[in-house]
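Excluded from the calculations below are hydrogen atoms, water molecules and symmetry mates; all remaining heavy atoms, backbone and side chain alike, are included. Each chain gets a letter, A, B and so on, in the order the sequences are listed, and its residues count up from 1.
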2 protein chains.
Amino acid sequence: MDRPSRSAGTVRPGGRTARVRAAVLEATQDALVEHGFHALSMDQIAARAGVGKTTVYRRWGTPAGLVTDLMNELANQSAPHSDTGGIEGDLRANALMVLEAINDPRLGATFQAVIAAATGDEEAARALRTFYRRRIDEWAAVVDLAVARGELPPGTDGKELIKAVSAPLYYRLVVTREPVTREAALASVDRALAAARAGAFVAETV
Amino acid sequence: MDRPSRSAGTVRPGGRTARVRAAVLEATQDALVEHGFHALSMDQIAARAGVGKTTVYRRWGTPAGLVTDLMNELANQSAPHSDTGGIEGDLRANALMVLEAINDPRLGATFQAVIAAATGDEEAARALRTFYRRRIDEWAAVVDLAVARGELPPGTDGKELIKAVSAPLYYRLVVTREPVTREAALASVDRALAAARAGAFVAETV
DNA sequence: AGCCTAATGGAACGCCAGTTTCGATAAGCT
DNA sequence: AGCTTATCGAAACTGGCGTTCCATTAGGCT
C-alpha cells in the first residue's frame, strides 16, 4: 500500500489529467451526497467517473485521500465576506453563510465526510484545519474593524469570536444532530455578540 | 446482510453471554484507542476478545454497531453533577467534566468514533443524540436553580446554555482539531455566562 | 511534425472481510 | 439432576477490494 505519490498528476497537469481529476472529484461528491463517506468505494468512484480504477488508486490512494483533495479544492474557492458596516450585520452574514454551507446538500455532505475522515487520517485532518484557519482569519478582520470603530472592547479576540459564532452550529450538526436552523444561527450571533460586548473575548493578562 | 437481531443475547443474558459482551466491548475500546474507528475490523475484535467472529457479526453486525453499543453502555453510567451553590461554579464543573472526558484516552477515542460512525449509521446517530440529550437535561437543572436564585434572568433556556458551554470544546475537537485545553474550557464558561447574564438565552417571544 | 515519457486503463491475481453451515456448549427451567 | 434450546464458535466458502503488470494514449518540448 504505497502512499499516493504527491507528484502524480502534477508534472503534466494539462488537459486529460485535469479532466480526470474533475470527473473523479465530481463523482466523489455525488457519491457522498447519495451514500455518505462510510460507503465510499474507490471502485465505484472510478466506474462512475468513467476512469480506470488503477488511476484512482494511484492518485488518491484511499477514500480519505479523495475527500481531502475535495476539501483542498474548496479551500481555494474563497467566499467573499460582505461588509455591512456594523459588527452585528457582519456576524449575521457570517452565520448565515455557514448555515447555507452546512445545509447545502453537496457542501454539507462534503463537510461531514471530511470531519469523519479526519478522525482517522492525518492528511484529512490537516486539510480541515487549513480550510477553517483560513476562513476564520478572513472573517476575524471584520471584528478588528469593529474594535477600531469602537463597537467592541479593545483587545477583543477576533478569531475566537468568529469561532464562537460557528461552534454551536457545528455542534448541532455533528454532536447533537439536531437540524441546523436559521433561528439557531441568529441566536448564536446574539449570544456571541453579547459575550463580546461584555468583554468576555478580551484575552486575560496573566 | 441481516440486521443484528435486537434480541440476540437478551433472552439468556446470564454468565457467558454477558462475559462475551464485556470482552468484546473492552476489545473494541482498546482498538479504538490504538487505531481509531476507521481501522476497526470485526475480525480483529473477535480475535482480541478471544471470541468467535461469527458471534461478533451476529450480535453487532458492523463496526458502527459495536461503537453504538459502547455508547449506550456509557449512557447508563450517569456522571454525578456537583452542586457548588453558584452558577459560575456549576458551569465550570460541567466544562471541566467535558474537558476530562474529551481528553481521556478511552472516552475521547470512543466519542470520536461514535461521531464518525454517526455520519453514516442511523443507530449510531440515535445513540449519540440519546446520550447528549440526557446529559444536557441533567445539567440544565442547575441553570433552573440559578434562575430561581436570581443569578440569571428569568426565562433563561437551561439546555441551550449548557450546550453553549460544550459547543466550543467539541468544535475544537472535531472541526478545528486544536487541543482542547483547560483555558479553552474556562473561557467557554465565561463567554456563555456573560451572554446568559445579558439575557441572550431568554427565548424571544414572537 | 515528431519524439519522449508521464499518465492512463484493461486484465489478471491474491488476500481478507463477511457469510453460511452445522456441531458443541452452557443457560434457564422443572 | 436432567432436559430443552439459546448462544457460541470452528471451518469452509464467496465476493470484492486493492495490487501488479503491461500495453496504450496523449501532454509537453524541440
Side-chain angles (χ1 to χ4, degrees), chain A residues 1-28 31-32 35-69 117 120-121 123, chain B residues 1-28 31-32 34-69 113 117 120-121 123:
Chain A
M1 182 181 295
D2 271 335
R3 280 224 143 256
S5 78
R6 234 157 255 80
S7 58
T10 57
V11 177
R12 280 187 186 177
R16 184 169 63 164
T17 296
R19 274 196 305 279
V20 166
R21 187 168 106 104
V24 168
L25 292 188
E26 182 81 11
T28 300
L32 286 179
H35 310 294
F37 178 67
H38 73 291
L40 214 55
S41 138
M42 305 293 274
D43 257 347
Q44 289 167 18
I45 294 297
R48 195 194 275 251
V51 157
K53 74 167 177 167
T54 316
T55 300
V56 178
Y57 278 111
R58 195 162 29 216
R59 287 184 64 181
W60 290 277
T62 63
L66 284 170
V67 299
T68 299
D69 198 21
D121 183 279
E123 301 254 351
Chain B
M1 183 182 297
D2 271 334
R3 280 226 141 254
S5 79
R6 234 158 255 79
S7 57
T10 57
V11 177
R12 282 185 186 178
R16 184 169 62 166
T17 296
R19 273 197 304 281
V20 166
R21 186 167 106 105
V24 168
L25 292 188
E26 182 80 13
T28 300
L32 287 179
E34 288 177 31
H35 310 294
F37 178 67
H38 73 292
L40 215 54
S41 137
M42 305 293 274
D43 255 348
Q44 288 167 18
I45 294 297
R48 195 194 274 251
V51 156
K53 75 167 177 168
T54 316
T55 300
V56 178
Y57 278 110
R58 194 162 29 216
R59 288 185 63 181
W60 290 278
T62 63
L66 283 171
V67 299
T68 300
D69 197 21
D121 182 279
E123 300 254 351

With side-chain contact (heavy atoms from CB on, under 4.5 Å) as the test, would you mind laying out the steps for B:R21 and B:W60 before giving the verdict? CA-CA 10 Å; B:R21 186 167 106 105; B:W60 290 278; 3.8 Å; yes
Non-hydrogen side-chain atoms of A:D69 and A:V24 separated by less than 4.5 Å: no
Are side-chain heavy atoms of B:V20 and B:R59 found at a separation under 4.5 Å? yes
Sort me out a list of protein N/O and nucleotides 13-17 of chain C N/O pairs below 3.5 Å, or just none if empty.
from, atom 1, to, atom 2, distance (Å)
C:dA17, OP2, B:D43, OD2, 2.7

Nearest 0.5 Å please: distance from the CG atom of B:L66 over to the CG atom of B:L25. 7.5 Å
Expected list for residues 43-55 of chain A: side-chain donor-acceptor pairs under 3.5 angstrom, two or more places apart:
from, atom 1, to, atom 2, distance (Å)
A:R48, NH1, A:E34, OE2, 3.3
A:R48, NH2, A:E34, OE1, 3.2

Would you please confirm or rule out a distance under 4.0 Å between OP1 or OP2 of C:dG9 and any side-chain N or O of A:T55? yes
What residues form a side chain to side chain contact (heavy atoms under 4.5 Å, CB included) with B:A64, not counting sequence neighbours? B:T62, B:A117, B:D121
In whole Å, what is the span from the CZ atom of B:R59 to the C1' atom of D:dA6?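 Atom CZ in B:R59 sits about 11 Å away from atom C1' in D:dA6.
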Without decimals, in angstroms, what is the distance between B:R19 CZ and C:dA27 P? 6 Å
Quantified as the angle between the terminal helix axes (five pairs each), what is the overall bend of the helix from C:dA1-D:dT30 to C:dT30-D:dA1 to 10 degrees?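 The angle separating the two end axes equals 50°.
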Dump every N/O contact between nucleotides 21-25 of chain C and the protein below 3.5 Å, one line per pair.
from, atom 1, to, atom 2, distance (Å)
C:dT25, O2, B:R16, NH2, 3.2

